[in-house]
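Written out below as structure tokens is the structure these notes cover.
In what follows, residues are counted from 1 in the order of the sequence shown.
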Amino acid sequence: SAYGRNGCGEEGMEWTLNYVQRIIGYRPDGYILVDMELVPRIVDLMGGLDVEVPMSFDLADQHLEAGMQHLDGAQILQLLRFRKGYTMQDLDRIKVQRSVIKAAMEQWVSTAHIPDLGDALDLVENNSLTNLNARNLLWMGKTILLNMDDLQSDTLPGYATYIGDVSYYVLNRQDVADLINERYNPYREEILAENLKIAG
């Protein structure tokens, strides 16, 4: 909501970084905002993707069966968007999105796909918004390729609930501070829970 409520685009992303800083205790160095409509173009360019579909579902004009499958771009986009059938809805969708990203990184970083990587990077560069320069992006890409087995991601500790008629994800301030200090703090000094601007 920080992005949408602040005009989207560059201004929306700057406000999003401000909110992230309040929550985790430091401001991220940069961002890359990619339009979801870019996903099917990249997936098709790279020849599709083998992924585990967690459950059978219908969404828009797509029907996907549960299990390991080779999906095209339109099917991957529907998988990334689906959430209503999951027990934890958005949180379960995030898990699926992470598994798709991991599968793409593992499958597309191979000699067979090297000729397509340049075109894929051009697509991303021409259809995304970022405050990182080409050198930053090259360093990130190289770091990811060399350390793929060590990549990790987390959901900030908390719980989903309704307040009034609105769905919220309520963060646990101390657990967030502990996670940031354990795995993500770029500084020598610990980030203190009382300094995080987390409601509740």
Side-chain angles (χ1 to χ4, degrees), residues 1-42 77 80-84 86 88-102 104-105 120-141 143-144 151-200:
S1 65
Y3 175 73
R5 289 182 181 182
N6 291 284
C8 302
E10 290 181 18
E11 186 173 354
M13 287 308 300
E14 290 300 320
W15 276 98
T16 300
L17 294 181
N18 291 341
Y19 279 99
V20 170
Q21 180 176 5
R22 290 168 54 186
I23 291 170
I24 66 171
Y26 64 92
R27 185 180 173 87
D29 291 330
Y31 63 82
I32 303 173
L33 178 67
V34 179
D35 189 331
M36 286 289 278
E37 295 304 324
L38 183 61
V39 169
R41 295 171 63 188
I42 292 177
L77 182 60
L80 294 175
R81 286 182 163 161
F82 178 72
R83 71 182 174 95
K84 288 290 186 184
Y86 299 137
M88 297 295 291
Q89 295 201 8
D90 279 329
L91 296 178
D92 286 339
R93 175 169 61 179
I94 289 169
K95 291 177 185 173
V96 172
Q97 290 171 344
R98 287 178 180 159
S99 71
V100 169
I101 291 169
K102 184 177 180 188
M105 291 169 60
L121 289 173
D122 286 343
L123 269 177
V124 172
E125 186 177 358
N126 296 324
N127 295 276
S128 61
L129 177 66
T130 181
N131 63 351
L132 302 173
N133 60 37
R135 197 169 178 184
N136 298 144
L137 295 171
L138 186 61
W139 178 86
M140 285 177 59
T143 302
I144 289 170
L151 286 179
Q152 57 191 10
S153 63
D154 292 286
T155 299
L156 293 178
Y159 61 93
T161 189
Y162 279 89
I163 301 174
D165 292 331
V166 181
S167 174
Y168 287 89
Y169 185 71
V170 180
L171 297 173
N172 181 303
R173 186 182 318 210
Q174 185 60 59
D175 290 347
V176 168
D178 291 343
L179 175 64
I180 295 301
N181 287 317
E182 179 184 337
R183 299 177 82 163
Y184 299 103
N185 188 350
Y187 305 111
R188 291 187 179 146
E189 288 186 17
E190 282 204 351
I191 289 170
L192 302 177
E194 55 263 33
N195 294 334
L196 302 181
K197 295 177 175 64
I198 294 175

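- Residue N126 places its CG atom among more than 12 non-hydrogen atoms of other residues, nucleotides or ligands, all under 6.0 Å distant.
- The distance from the CG atom of N127 to the CG atom of L38 is 5.0 Å, given to the nearest 0.5 Å.
- Shown here for V176 and L196, the closest heavy-atom pair between the two residues is CG1-CD1, 4.0 Å.
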(request) Report the C-alpha separation of E14 and N18 in whole Å, then their side-chain angles, then the decisive distance to 0.1 Å, and conclude whether the side-chain hydrogen bond (donor to acceptor under 3.5 Å, both in side chains) test is met. (result) CA-CA 6 Å; E14 290 300 320; N18 291 341; over 6 Å; no
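- The line from CG of L33 to OG of S128 is 8.0 Å long, rounded to the nearest 0.5 Å.
- Taken to the nearest 0.5 Å, the SG atom of C8 stands 14.5 Å off from the CH2 atom of W15.
- Closest approach of L80 to Q97, counting heavy atoms only: O-NE2, 2.9 Å.
- Within 6.0 Å of CD on Q21 lie more than 12 heavy atoms contributed by other residues, nucleotides or ligands.
- A heavy-atom distance below 4.5 Å is not found between the side chains of E10 and N131.
- With N6 contributing its side chain and E11 its backbone, the two residues share no donor-acceptor pair below 3.5 Å.
- Across all their heavy atoms, P157 and L179 have their closest contact at CD-CD2, 3.8 Å.
- Counting heavy-atom neighbours within 6.0 Å of R183 CZ, excluding the residue itself, gives a total above 12.
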(request) Evaluate the side-chain contact (heavy atoms from CB on, under 4.5 Å) criterion for residues I191 and N185: first the C-alpha distance (whole Å), next the side-chain angles of each, then the deciding distance (0.1 Å), finally the verdict. (result) CA-CA 8 Å; I191 289 170; N185 188 350; 3.7 Å; yes
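- Rounding to the nearest 0.5 angstrom, the gap separating the CD1 atom in I32 from the CE atom in M13 is 9.5 Å.
- Within a 6.0 Å radius of CD in E189, other residues, nucleotides and ligands contribute 12 heavy atoms or fewer.
- Nearest approach of R98 to D154, heavy atoms of both residues: NH2-O, 2.8 Å.
- A heavy-atom distance below 4.5 Å is not found between the side chains of R41 and D35.
- The backbone N or O of L156 sits less than 3.5 Å from a side-chain atom of Y169, completing a donor-acceptor pair.
- Just one residue in the list L132, L129, V20 forms a side-chain contact (heavy atoms from CB on, under 4.5 Å) with Y31, and that residue is L129.
- A donor-acceptor contact shorter than 3.5 Å is absent between the side chain of R83 and the backbone of I94.
- No side-chain heavy atom of V96 sits under 4.5 Å from any side-chain heavy atom of F82.
- R81 and M36 make their closest contact through NH2-CB, 4.3 Å (heavy atoms, listed as atom of the first residue, atom of the second, distance).
- Here the straight-line distance linking atom CG of L192 with atom CD of Q174 works out to 9.0 Å at 0.5 Å rounding.
- Looking only at distances, a side-chain donor or acceptor of Y3 sits under 3.5 Å from a matching main-chain atom of G9.
- With values rounded to the nearest 0.5 angstrom, K197 atom NZ is found 14.5 Å from L171 atom CG.
- The minimum heavy-atom distance linking Y26 with Y184 is given by the pair OH-O, 3.0 Å.
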